[in-house]
Each structure stands twice: as structure tokens, then as C-alpha cells.
Amino acid sequence: MKAFLGAAAALGLLALAPSAHAARDYVWAAGSSTVFPFSTRVAENFAKKTGKKSPKVESLGTGGGIKMFCGGMGEGFPDIANASRPMKKSEYEACKAKGVKDIIEIKIGFDGIVIAMDKKSPDYNFKLEHLYLGLAQNALRGGQFVNNPYKTWKDVGAGLPANRILVYGPPPTSGTRDAWVELAIEGGAKKFPTAKKLHDSDEKGFKAKVDPMRKDGAWIDAGENDNAIVGTLTKTPGALGVFGFSFLEENANVIKGAAVNGVKPTPQTIANGTYPVSRSLFIYVKKGQVGVTPGLKEFLSEFVSDAATGRGGYLQGRGLIPLPPAQHEAAKAAAGKLTLMAPPKA
């Protein structure tokens, strides 16, 4: 009788806890549209090498991917968040609140945010100040923030083409948009003493004034599909597009990139930081799902392998700018040891 009761109790415990061990039979990654083509390629190679089911990769934008990733543990939420900027403190705290406490941060490489146009268009050589003045909702004029009055790029800066200001770019949910605002718009604004003084005394007030993009049709939120922006540039004379470098490289036969501060976007200028609108790319992984989601550990290993993200790796052929050797080795070590990230400071 005791043996029967023991067996029944054991079966009861198993019945109560299938969700702790049950999992999808595939890896799930969601997030950045910039990281999407890299993650997709890794998924394809992972499936070929291991014979396991190909991971599901979704392009939702960095913010959307991290929000879903932070929704909870288990098979109903992604194992990986793809990101074209670092995770924010607020996102990290939101993860913790939902039980997503052990997160691994892996830097996979670099990307540049380009300002591109149809190959038949005139060349542009922007300064960061031009990008701020042309595209921010509140432009500085005479030391005062005013509703943006500029109609053409020539109005913004002597030597720029006389084309009307019309730029298709990423929406607010995109990590590309976050990086664009920080590097190009805020970076350009801080070239002006009035804005720099505001930034140094009241960063929140500075962002409130500087960050909003124009809403009068000069800046158009074009969604998460960067290939759609490329298509628009070839059909809309004078239009410019903002997206990751890999899309410029993939479509170099029909579009070209503008110089910023006299520097053209190339793998070399992005990697060494001389191109001003450059950023790091990341994946975030739930340590608690390793060993639960079949293939997650192996997928992570493939992502940081020399064959994928190393110099000359297959992702470099897709437009990823590889990390310096020491940083690449550090990423491999973090993936191998499942090293937890430190809480973000901001």
C-alpha cells in the first residue's frame, strides 16, 4: 500500500510539473530588424550542422523583441532577444519583475547607421549638425528652439543639394531609431552651445526638446522592413533612407551612402569608430532556458563561432562588422560559460 501511495504521489508531482520541463522543440529569437538577417543565417547553418529544427527568428524591432523576451520564462516567450542597442535599465527591471532574472549579454559585432539615396542622386556630405537641424521637430535658430522651418537640405547647410527634406526611417520601436536619435540627432544638437548647456544641466529636458523627429512629412516612420525603404528610394527621386549598413551593402548596385563629417560608411570606418553613426549589436539569452529549449546552447555556440562572427566569417559576408579579436574571444567565453550580464546603469 505504501509503495502504491509513493508511486501515486510521484505521478502526481510529475503531473503538476510538466511545464517546468516541457519546451518548444526549436529555439525562438525575436527583436532587431538589423540583427534579423544575421540571426536568420545563423539559424540556417545551425539547422544544417545539427539536424535540429531551424530556430524561429522574428523581426519586431529591438524594443518589441526585448518586451516579448521579458514577458516571462517558458515556451511561451522567446529564448533570445536580438538588439541593435544595449538593454536599458528599465527593460532589465521589467525582465526581473516577470521572473527573467539570469540574462546573458553577447556582443556580436558592429553596424553603422547609414543615410542612403538612389545611385542617380547627388552626393551628400552631412555634418551631424545638418542631420539634427534637418530632421528634429525642434530646431535651434538664433539660439532658440523653434518648430522646424527648413524645407530643403540647402536651407540647412551650404553645399548640400537643394532637394526637399524627405527621409524614410525606422519607427520608435526600433533599436536603429534609438541609436539614430542618440548618435545623429542628439550628437548634432550638442554641437550647439544652447543645446549642450541644456544637456549638461538637464538631460531629461534636453531629450524632450531634441529627440522628437519631424511630424510634417519630412521624416516618415517606414516600419521595420528596411528592404522596403530601399525599394522606396529607387522610386522616389530625392528621398533619403536611414537603416543599417548591411542593407546598403546588399543593395550597393542601386543605392549609395552619404558621408557624415567627411567619412563614408565602410566596414573599416565603422569598426574603428571614425564613421560617427556607428553602434554595437547584441543578443540577449535566458540562461534558465539553456538545457530546457532543445538546441539553445548549440545555437548560441554557433552564433559566437569563428565561422559565423569571426573575421572572414559568413556573417561578415552579410554585412556584419566583426569585433576586434579580443572582444570576439570574450563573447565566445561569455557564451561558453553562460556568464550573466551586469545590470545596466541607464
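Sequential numbering from 1 along the given sequence is applied to the chain's residues.
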Given the rule in the salt bridge (charged side-chain N to carboxylate O under 4.0 Å, His left out) test, do Lys52 and Asp25 qualify, once you have shown the distances and angles that lead to the verdict?
-> CA-CA 9 Å; Lys52 295 182 184 294; Asp25 61 350; over 6 Å; no

Could you go through the side-chain contact (heavy atoms from CB on, under 4.5 Å) check for Phe192 and Tyr132 one step at a time?
-> CA-CA 10 Å; Phe192 297 92; Tyr132 159 66; 3.9 Å; yes

Are Trp153 and Phe126 close enough, and set up right, to give a ring-ring contact (aromatic ring centres under 6.0 Å, His included), and what steps lead you there?
-> CA-CA 10 Å; Trp153 286 113; Phe126 291 110; 4.9 Å; yes

Evaluation steps, side-chain contact (heavy atoms from CB on, under 4.5 Å), between Tyr150 and Leu133 = CA-CA 8 Å; Tyr150 299 110; Leu133 288 176; 4.2 Å; yes

List the steps, then state whether side-chain contact (heavy atoms from CB on, under 4.5 Å) holds for Ile185 with Val210.
-> CA-CA 7 Å; Ile185 303 303; Val210 169; 3.9 Å; yes

Given Glu58 and Trp28, is the side-chain hydrogen bond (donor to acceptor under 3.5 Å, both in side chains) satisfied, shown in steps?
-> CA-CA 8 Å; Glu58 292 185 287; Trp28 180 9; 2.8 Å; yes

Can you check side-chain contact (heavy atoms from CB on, under 4.5 Å) on Ile108 and Val304, steps first, answer last?
-> CA-CA 7 Å; Ile108 61 166; Val304 299; 5.5 Å; no

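In this structure a side-chain-to-backbone donor-acceptor pair under 3.5 Å is missing from Asn148 to Asn138. Remark: side-chain polar atoms of Lys209 are not paired, donor with acceptor, to backbone N or O of Lys204 under 3.5 angstrom. Checking side-chain atoms of Tyr314 against main-chain N and O of Asn45 turns up no donor-acceptor pair under 3.5 Å. Side-chain N or O atoms of Ser301 include one that pairs as donor or acceptor with a backbone N or O of Lys297 at under 3.5 Å. Looking at Ser278, its side chain never comes within 3.5 Å of a backbone N or O of Gly273 through a donor-acceptor pair. For Lys287 (side chain) and Ile104 (main-chain N/O), no donor-acceptor pair under 3.5 Å exists by modelled atom type. For the pair Lys53 (side chain) and Gly295 (backbone), a donor-acceptor distance under 3.5 Å is absent. The closest donor-acceptor contact from the side chain of Asp202 to the backbone of Gly205 lies under 3.5 Å. Thr50 places a side-chain N or O within donor-acceptor distance of the main-chain N or O of Phe46, the cut-off being under 3.5 Å. For Thr339 (side chain) and Ala335 (main-chain N/O), no donor-acceptor pair under 3.5 Å exists by modelled atom type.
Here CZ of Phe245 is found 10.5 Å from CD of Glu250. Values are rounded to the nearest 0.5 Å. Between Leu233 atom CG and Leu248 atom CG the span is 10.0 Å, to the nearest 0.5 Å. With rounding to the nearest 0.5 angstrom, the CD atom of Glu182 is 6.5 Å from the NZ atom of Lys207. Atom CE of Met213 is separated from atom CG of Asp221 by 8.5 Å, given to the nearest 0.5 angstrom. Of the inter-residue distances, the one linking Lys49 atom NZ with Ser305 atom OG reads 5.0 Å to the nearest 0.5 angstrom. To the nearest 0.5 Å, the span separating CH2 on Trp180 from CZ on Phe243 amounts to 11.0 Å.
Closest approach of Gln327 and Phe110 over heavy atoms only: OE1-CZ, 4.0 Å. Nearest heavy atoms, Val156 versus Gly134: CG2-CA, 3.9 Å. The shortest heavy-atom contact between Ala81 and Gly65 is CB-O, 4.3 Å. The heavy-atom pair separating Gly217 from Leu166 by the smallest distance is O-CD1, 3.5 Å.
Between Phe145 and Leu140 the shortest side-chain heavy-atom distance falls below 4.5 Å. Looking at Val260 and Tyr275, their side chains come closer than 4.5 Å, going by heavy atoms from C-beta outward. Residues Leu128 and His130 form no side-chain contact, since every pair of their non-hydrogen atoms from C-beta on lies 4.5 Å or further apart. Using a 4.5 Å cut-off on side-chain heavy atoms (C-beta onward), Ser39 and Phe303 make contact. The side-chain heavy atoms of Val285 and Leu296, taken from C-beta on, include a pair separated by under 4.5 Å. Between Tyr124 and Leu240, some side-chain heavy-atom pair lies under the 4.5 Å cut-off. In this structure the side chain of Tyr92 reaches within 4.5 angstrom of the side chain of Pro344, judged on heavy atoms. Looking only at side-chain heavy atoms (C-beta outward), Val114 and Phe247 stay at 4.5 Å or farther from each other.
Between Glu91 and Arg85 there is a salt bridge, since a side-chain N of the basic residue sits under 4.0 Å from a carboxylate O of the acidic one.
No side-chain donor-acceptor contact under 3.5 Å links Tyr284 and Asn82. For the residue pair Asp118/Thr234, the side-chain donor-acceptor check at 3.5 Å is not satisfied. Between the side chains of Asp306 and His328, at least one donor-acceptor pair of N or O atoms lies under 3.5 Å. A donor and an acceptor atom, one from each side chain of Gln137 and Trp219, are nowhere located under 3.5 Å apart.
Taking the ring axis of Phe38 as reference, the NZ or CZ atom of Arg41 does not stay both within 45° of it and closer than 6.0 Å to the ring centre. With Phe69 as the aromatic partner, Lys286 meets the cation-pi criteria of under 6.0 angstrom to the ring centre and within 45 degrees of the ring axis.
The side-chain contact (heavy atoms from CB on, under 4.5 Å) test applied to Gln268 returns Thr266, not counting sequence neighbours. Applying the side-chain contact (heavy atoms from CB on, under 4.5 Å) criterion to Ser84, with sequence neighbours excluded, gives Ser32, Thr34, Thr62, Thr176, Arg279, Leu281. Considering only residues two or more places apart in sequence or on other chains, Ala218 meets the side-chain contact (heavy atoms from CB on, under 4.5 Å) condition with Ile165, Arg214, Asp216.
By the neighbour-count criterion of 12 heavy atoms within 6.0 Å, atom NZ of Lys256 is densely surrounded, having more than that number from other residues, nucleotides or ligands. Open room surrounds NZ on Lys197; 12 or fewer heavy atoms of other groups in view lie less than 6.0 Å from it.
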